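Heads up: the structure comes next, in structure tokens.
Bear in mind that the values here come from a model prediction, so they are computed numbers and not experimental data.
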Amino acid sequence: MNLFTIDCKDVLLREFIAEDLESFHALTWQPEIYEFLPGWNVPREQREDWFINYELPENLAFLRAVSDEGGTIGELRLRLAIIHKESGELIGWCCTGIKDELPAPNREIMYAISKDHRGNGYTTQAAQGLIEYLFEQTDVEVLNALALLQNEPSNKVINKCGFAFQSIIEIEDERFNTYTLKKQDWSK
């Protein structure tokens, strides 16, 4: 299989495949993940429906738009697995999509990593890899990132990636720091 990947030093970003469902679902049920991403820990049947019928097809549409339409991605989403190079294990995910709660341009990046792989820089590597891909291969000019106020590790990743703090907003009774990164301000 010729899968889309982004090399990020110690990890790879790879398009999801059907065989990732069980590992992905298990990660969404780690308390350390759903504490900061409420709503991701859905029943397995719901996860399978979303994964097979929405996430995998949307990834293909996104990648097709990049190759066939010169990087014009519109509101398409891309969801990538974070794969540990040494073990081959799916240890998290890094995604991009439209965040309806933000004013345009409202394309965000988001990520999560297994409790067993935190503190190693893998999330920062993955986020930087996705940022580079979006700015170099698509028509994206501005990226957003959000993190709950109390999610210190995520706020650190966002800062390490060069995002600038914008404001604190409330979404569904939760307070988030919001950040932006402009292509013109970004450097590898």
Under 3.5 Å donor-acceptor, [X] side chain and [Y] backbone:
X    : Y   : result
Q125 : D10 : yes
N53  : E48 : no
D49  : E45 : no
E15  : N59 : no

Atom [atom1] of residue position [X] - does it have more than 12 heavy atoms of other residues, nucleotides or ligands inside 6.0 Å?
X    : atom1 : value
K85  : NZ    : yes
R118 : CZ    : yes
E152 : CD    : no
Y54  : OH    : no

How long is the straight-line distance from [atom2] of [Y] back to [atom1] of [X], given to the nearest 0.5 Å?
X    : Y    : atom1 : atom2 : result
I109 : Y133 : CD1   : OH    : 14.5 Å
I168 : Q166 : CD1   : CD    : 12.5 Å
M110 : R77  : CE    : CZ    : 10.0 Å
T5   : I83  : OG1   : CD1   : 10.5 Å
E141 : L134 : CD    : CG    : 11.5 Å
D20  : L90  : CG    : CG    : 5.0 Å

Side-chain heavy atoms nearer than 4.5 Å, only ILVMFWY residues, links allowed to pass through others: does that put [X] and [Y] together?
X    : Y    : result
V11  : I33  : no
L181 : I98  : no
I73  : F4   : yes
F36  : I171 : yes
L80  : L56  : no

Provide the closest heavy-atom pair for [X] versus [Y] in the form atom of the first, atom of the second, distance.
X    : Y    : value
I158 : L146 : CD1-O, 3.8 Å
K99  : E108 : CD-OE2, 3.4 Å
R107 : V140 : CD-CG2, 3.5 Å
I131 : W186 : CG2-NE1, 3.4 Å
R14  : I17  : NH1-CG1, 3.5 Å
L13  : C94  : CD2-CB, 3.7 Å

Hey, does [Y] have a side-chain heavy atom less than 4.5 Å from the side chain of [X]?
X    : Y    : value
F176 : N151 : no
Q46  : W50  : yes
F165 : N159 : no
V42  : T28  : no
N144 : T178 : no
L12  : D7   : yes
L78  : L63  : yes

Q: Let me see the working for R44 and E22 under side chain to side chain contact (heavy atoms under 4.5 Å, CB included), right down to the final yes or no.
A: CA-CA 9 Å; R44 191 200 173 285; E22 295 306 323; 2.4 Å; yes
Q.
As a test of understanding, state which of W40, F16, Y122, Y111 forms a ring-ring contact (aromatic ring centres under 6.0 Å, His included) with W93.
A.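 Of the listed residues W40, F16, Y122, Y111, the ring-ring contact (aromatic ring centres under 6.0 Å, His included) partner of W93 is W40.
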